[in-house]
Amino acid sequence: MKTLTTTVARIVFAIPFLIFGIFHFLNAEQMASMVPFPPEMFWNYLVGAGMIAAAIAFIIKKYAKLAGLLLALMLLIFILGIHLPGIIGADSQEAMMQPMQGFLKDMVIMGGALGFAGMFDRDEA
């Protein structure tokens, strides 16, 4: 059971970040169009590289605590800089739905990243 709740959980958590990070490079123009801060392409590539680096760190258990903390910080920036303004600026409940979903999704993932950072504090070599 410990393997399921540590090794498998760690790898399952890492895989989407690896894929999302790759998408930031393969679909750079489309991904950059969603970035609200200039220069958009720079932030797109930085986020993509950060996601790939975090995924690798989780998988190989090297610098995984740092990766978890930086991933949580990145998600907090998304929450405060992208989702919250979308919620506050929404002119209807319907317009608020998409930013609210992103807000809640990134909060959950941020909690997971912080949890993994705490786990690696004990386990990482």
Is the shortest side-chain heavy-atom distance between I15 and I11 below 4.5 Å? yes
Partner of D106 under side chain to side chain contact (heavy atoms under 4.5 Å, CB included), chosen from L76, L80, I79, I82: I79
Nearest heavy atoms of P36 and G81, plus distance in Å: CG-O, 4.3 Å
Let me check something: do I60 and L18 share a hydrophobic cluster, defined by ILVMFWY side-chain heavy atoms less than 4.5 Å apart, either directly or through other members? yes
Working to the nearest 0.5 Å, report the span between CE of M110 and CZ of F78. 12.5 Å
Would M119 and K65 satisfy side-chain contact (heavy atoms from CB on, under 4.5 Å), going step by step from the backbone distance to the final call? CA-CA 8 Å; M119 178 181 83; K65 178 180 181 178; over 6 Å; no
Would you say that M51 contacts M74 through its side chain, given a criterion of any heavy-atom pair below 4.5 Å between the two side chains? yes
Joint cluster assignment, I56 & F20, ILVMFWY side-chain distance < 4.5 Å: no
Please report the C-alpha distance between E40 and N44 in whole Å, then the side-chain angles of each, then the deciding distance to 0.1 Å, and finally whether the side-chain contact (heavy atoms from CB on, under 4.5 Å) criterion is met. CA-CA 6 Å; E40 292 83 358; N44 174 67; over 6 Å; no
Is M41 atom CE crowded by more than 12 heavy atoms from other residues, nucleotides or ligands, each under 6.0 Å away? yes
Quick check on the hydrophobic clustering: are V47 and M34 connected, directly or via other members, by side-chain heavy-atom contacts under 4.5 Å? no
I'd like to know whether Y45 forms a side-chain contact (heavy atoms from CB on, under 4.5 Å) with H24, so could you lay out the CA-CA distance, the side-chain angles of the two residues, the decisive distance to 0.1 Å, and finally the verdict. CA-CA 6 Å; Y45 288 133; H24 276 75; 5.8 Å; no
Smallest heavy-atom separation, G21 atom then F25 atom, equals O-CD1, 3.2 Å
For side-chain contact (heavy atoms from CB on, under 4.5 Å), just list the numbers for I52 and F17, CA-CA rounded to whole Å, side-chain angles, deciding distance to a tenth of an Å, and then say yes or no. CA-CA 6 Å; I52 292 168; F17 289 105; over 6 Å; no
Heavy-atom pair with the smallest gap, counting every atom of A95 and P99: O-CD, 3.4 Å
Could you tell me the separation between the CD1 atom of I109 and the CG atom of L71, rounded to the nearest 0.5 Å? 8.0 Å
Ignoring hydrogens and angles, tell me if any N or O in the side chain of W43 forms a donor-acceptor pair with the backbone of P38 under 3.5 Å. yes
Grab the two heavy atoms, one from F116 and one from R10, that are nearest each other, plus how far apart they are. CE2-CA, 3.6 Å
Looking at every heavy atom in both A72 and A113, which two are closest together, and how far apart are they? N-CB, 4.0 Å
Using 0.5 Å steps for rounding, measure from the CD1 atom of I87 to the CE atom of M100. 4.0 Å
Heavy-atom pair with the smallest gap, counting every atom of A55 and A14: CB-O, 3.3 Å
Starting from I77, can I reach V35 by hopping between I/L/V/M/F/W/Y residues whose side chains sit under 4.5 Å apart? no
Between L73 and F37, is there a shared hydrophobic cluster once you connect ILVMFWY residues whose side-chain heavy atoms come closer than 4.5 Å? no
